[in-house]
4 protein chains.
Amino acid sequence: MPPDAARRSDRSRLAILAAARDLVVEVGYPRVSIEAIARRAGVGKQTIYRWWPSKGAVVFDAVRALSEDEAGVITLPDTGDLEADLKTVLRATAVEFTDPTLSALLRALYAEIAVDPELATLYQEKVERPLTEAKLDRLRSAQRAGQFDPDADLALCLDFLYAPFTQRWLSRTGPLDDAYADALVEATLRAFAPTARG
Amino acid sequence: MPPDAARRSDRSRLAILAAARDLVVEVGYPRVSIEAIARRAGVGKQTIYRWWPSKGAVVFDAVRALSEDEAGVITLPDTGDLEADLKTVLRATAVEFTDPTLSALLRALYAEIAVDPELATLYQEKVERPLTEAKLDRLRSAQRAGQFDPDADLALCLDFLYAPFTQRWLSRTGPLDDAYADALVEATLRAFAPTARG
Amino acid sequence: MPPDAARRSDRSRLAILAAARDLVVEVGYPRVSIEAIARRAGVGKQTIYRWWPSKGAVVFDAVRALSEDEAGVITLPDTGDLEADLKTVLRATAVEFTDPTLSALLRALYAEIAVDPELATLYQEKVERPLTEAKLDRLRSAQRAGQFDPDADLALCLDFLYAPFTQRWLSRTGPLDDAYADALVEATLRAFAPTARG
Amino acid sequence: MPPDAARRSDRSRLAILAAARDLVVEVGYPRVSIEAIARRAGVGKQTIYRWWPSKGAVVFDAVRALSEDEAGVITLPDTGDLEADLKTVLRATAVEFTDPTLSALLRALYAEIAVDPELATLYQEKVERPLTEAKLDRLRSAQRAGQFDPDADLALCLDFLYAPFTQRWLSRTGPLDDAYADALVEATLRAFAPTARG
DNA sequence: GCATAACCGAGACGGTACGTCGCGTCTTTGG
DNA sequence: CCAAAGACGCGACGTACCGTCTCGGTTATGC
């Protein structure tokens, strides 16, 4: 007998997500326990176990709840100037990653994903894919506008734009500032410029 | 009174690292406990606590022990053909990441690093930096040989080469094959070709 | 608003008592839970809580339901031969106590009674008293027939007849066979024989 | 690996028994939890589970600890006057049963014994048997002194003396006073008087 | 005959306790 | 004097039940 979602208490759901979010920020993901989340949320442990399979899943939903307002389709800016648009987006992402709350939550999530294939799949489908689609759309638009090599491997191109960014953030290798964002965009565009091949 | 390293039992040290390695592979990092490592290694718990501050540190050393034979200075191949050399190196890295043992250990380590700044620093200094230096040497050699933009930001260039690679592996986004290694190298070189900037 | 007994579902009532009875026998009283009774009876938990204050009360009623057919006034055999009649009754009781179902239920009840004064009172009034009255009647009849010391403390006499019996059964000190029943009766009658006192 | 009794902490053992004793008296056996005992004793739960299999076993030891000073062989008074001696003993027992602490503990124990055969056996061997032996000794001495039927079933005789007593106490059927004690002894002796049988 | 009030099943909820596992510390014993 | 062994106080795990509470959905009168 699976839990009956219709009877689910929204009050508890929100309290749990908020408690999880706050605790990750306050004491760090590994020291967050389900007991502590329940205690903080004023909720029975079973209410957590009823609706989430693991601590990671709760944090996952807590992260999603943070960006819930963006609900629906995500679109990247398209002013016609690809380079400017990409810089805008990457700089904004840098700001997000600098926010301590979001940053702590996302670190927790990435750590768990690295080690839990199921959560990885979930993240892939619910978060990554829609974002990737939006980014691909912008690149395709650039291709149509002749600002981009029509034969380029767009997935690879996205890896170039985002992976170094994410890695720097995750491993704290260097600062995530506007200069780095700009350099990333410029180098990527050099690699995939319309004239780059033949 | 700090432990006297001279009296340290090498037999126990190796047994502990081997047990840690095997357990991470068998049950997954989060389910490895210090108690289990001690049990498997036939060692008292205190012997672990005496020499390592945390589970992460033990696994960290276990990873280092795996590549211990490479001891000393690391050098990348330098046949004179930068593109060929980089492809060789990246393809080899892909093979390493495909090995289940090493892969499981490294995933564990990355997960812990994402969340534990101290371990991140340790990893940075003991593992990352020597590797990065070796890679930079190879790029500088290429610059001297005129195969590379002399003004290029070499750190950024390394990010381009390795970050997408690592990210694909960590998040299981796609296959790590020769084709991907080659594409990475080619695109990176396009971005940093000697002629790339006026 | 107290529950309206008129509307009570007899179907549920009987299912609950049967489930309680079976569960006590199967898993032992301490491991019986109200949830399990409800589950087994195909009944909502509230239906139990509405009509019984505690697990002990349900089992109490389950025991009473077992001997419900004896409804009304209980009478002991009175053939004129007190010794024979008492032996008949005690031997029959021994058989009842040997029945695994009844025995398990009664043990549960006694255990609860030892520790719950309220249930003790209830048991006293609903079960013990009528039985005691019937037994006293038989002894009085014997007194009238001159088979028994007219000044005897009949309550004490009943204690002699039944307490050793119950104790043996409860504490599993020895077998409950015909020989023991007979010996009990004989010794008791020796103590309270008409000629016993002056 | 069974726990190593040599390393057992006496401090913890005594604290646990004291906590168990106090809690049974304060809140009643069924509402005593192992968690509460551990909390009150300032002890980890595991320390209880390591040395006792169940709540009942802890209370059992707590009861034994109460009468630990009697250590060794128990002897009943033997002034030569059997009736007087038995009355002395039974009256003393009545006083013990009236003590609220001991009474609550013993009730708990009896309740658990009624329902847990293993605990019943344990109680039988560690507590009941030595007591029974002492009582039998006294009766045998009386037989030798000609104050008692030489062919009497002494076990049955003990049942007569103690079972009604215990039952009254357990089921709160009536007061446990000197009069009842005396009446029990007198009736029992009537049943087993030397002249009772041919 | 039709409202309406109750019981009924189901089961979510805030809790407490279960019995187990692991933490990091401490102590005892033996090589 | 280090190492094995492992007891200890502690706290979290994930599960089972507690007793309360709301849900619809049947009944079963009483207007």
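Heavy-atom basis, side chains included; hydrogens, waters and symmetry copies ignored. Numbered from 1 within each chain, the chains take letters A, B, ... in sequence-line order.
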List in numerical order all residues of residues 15-26 of chain C for which some heavy atom is under 4.0 Å away from an atom belonging to DNA chain F.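 The answer is none.
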
Can we say A:Arg40 and A:Glu26 salt-bridge, meaning some charged N sits less than 4.0 Å from an Asp/Glu carboxylate O?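 Looking at A:Glu26 together with A:Arg40, the answer is yes, because their closest N to O distance falls below 4.0 Å.
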
Check: B:Arg107 side chain, B:Leu170 main-chain N or O, donor-acceptor pair, under 3.5 Å: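 Side chain of B:Arg107 to backbone of B:Leu170: a pair is present.
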
Has C:Arg172 got a side-chain atom pairing as donor or acceptor with D:Ala114's backbone, closer than 3.5 angstrom?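 Confirmed, C:Arg172 side chain pairs with D:Ala114 backbone.
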
I need the [atom1]-[atom2] distance between [X] and [N], as an integer number of Å.
X: D:Trp52; N: F:dC8; atom1: CH2; atom2: C1'; value: 13 Å
X: D:Arg40; N: E:dA17; atom1: CZ; atom2: C1'; value: 17 Å
X: C:Ile48; N: F:dC17; atom1: CD1; atom2: P; value: 13 Å
X: C:Arg8; N: E:dC7; atom1: CZ; atom2: C1'; value: 11 Å
X: D:Ile37; N: E:dC18; atom1: CD1; atom2: C1'; value: 13 Å

Which is more 5' along DNA chain E, the nucleotide nearest B:Arg31 or the one nearest A:Gly44? Just name the residue.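 This one resolves to A:Gly44.
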
Within the structure shown, what part of the strands sits under 4.0 Å from C:Arg50 by heavy-atom distance: base, sugar-phosphate, or nothing?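 Result for C:Arg50 = base.
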
Answer with base, sugar-phosphate or nothing: what part of the nucleic acid does D:Arg39 contact at a heavy-atom distance below 4.0 Å?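 Answer is sugar-phosphate: D:Arg39 comes under 4.0 Å of backbone atoms only.
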
Just so I know, are the side chains of [X] and [Y] near enough to count as touching, which here means a heavy-atom distance under 4.5 Å?
X: D:Val115; Y: C:Pro30; result: yes
X: C:Val127; Y: C:Arg64; result: yes
X: A:Tyr123; Y: A:Tyr110; result: yes

Pick the nucleotide of DNA chain F nearest each of B:Ser9 and D:Asp10; which residue has the one closer to the 5' end?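 Here B:Ser9 is the residue nearer the 5' end.
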
B:Trp51 six-ring centre to B:Arg13 NZ/CZ under 6.0 Å and within 45° of normal: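 Because its charged atom misses either the 6.0 Å distance or the 45° angle limit, B:Arg13 does not stack over B:Trp51.
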
Within 45 degrees of the ring normal and closer than 6.0 Å to the centroid, is that where the cationic atom of C:Lys55 sits relative to C:Tyr29?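 Judged by the rule, C:Lys55 and C:Tyr29 form a cation-pi pair.
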
Within the structure, does a side-chain N or O atom of C:Trp51 lie under 4.0 Å from either OP1 or OP2 of E:dC8?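 Yes, such a contact exists.
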
Nearest to the side chain of B:Ser12, heavy atoms from C-beta on, is which of E:dC8, E:dC13, F:dA3?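 Selected nucleotide (nearest to the side chain): F:dA3.
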
Its contact letters, B for base, S for sugar-phosphate only and - for none at protein heavy atoms under 4.0 Å, make nucleotides 23-31 of chain E read BBBBBBS--

A quick test of your reading: do over 12 heavy atoms of other residues, nucleotides or ligands sit less than 6.0 Å from CZ of A:Arg50?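 Yes, because the 6.0 Å sphere around CZ of A:Arg50 holds more than 12 heavy atoms from other groups.
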
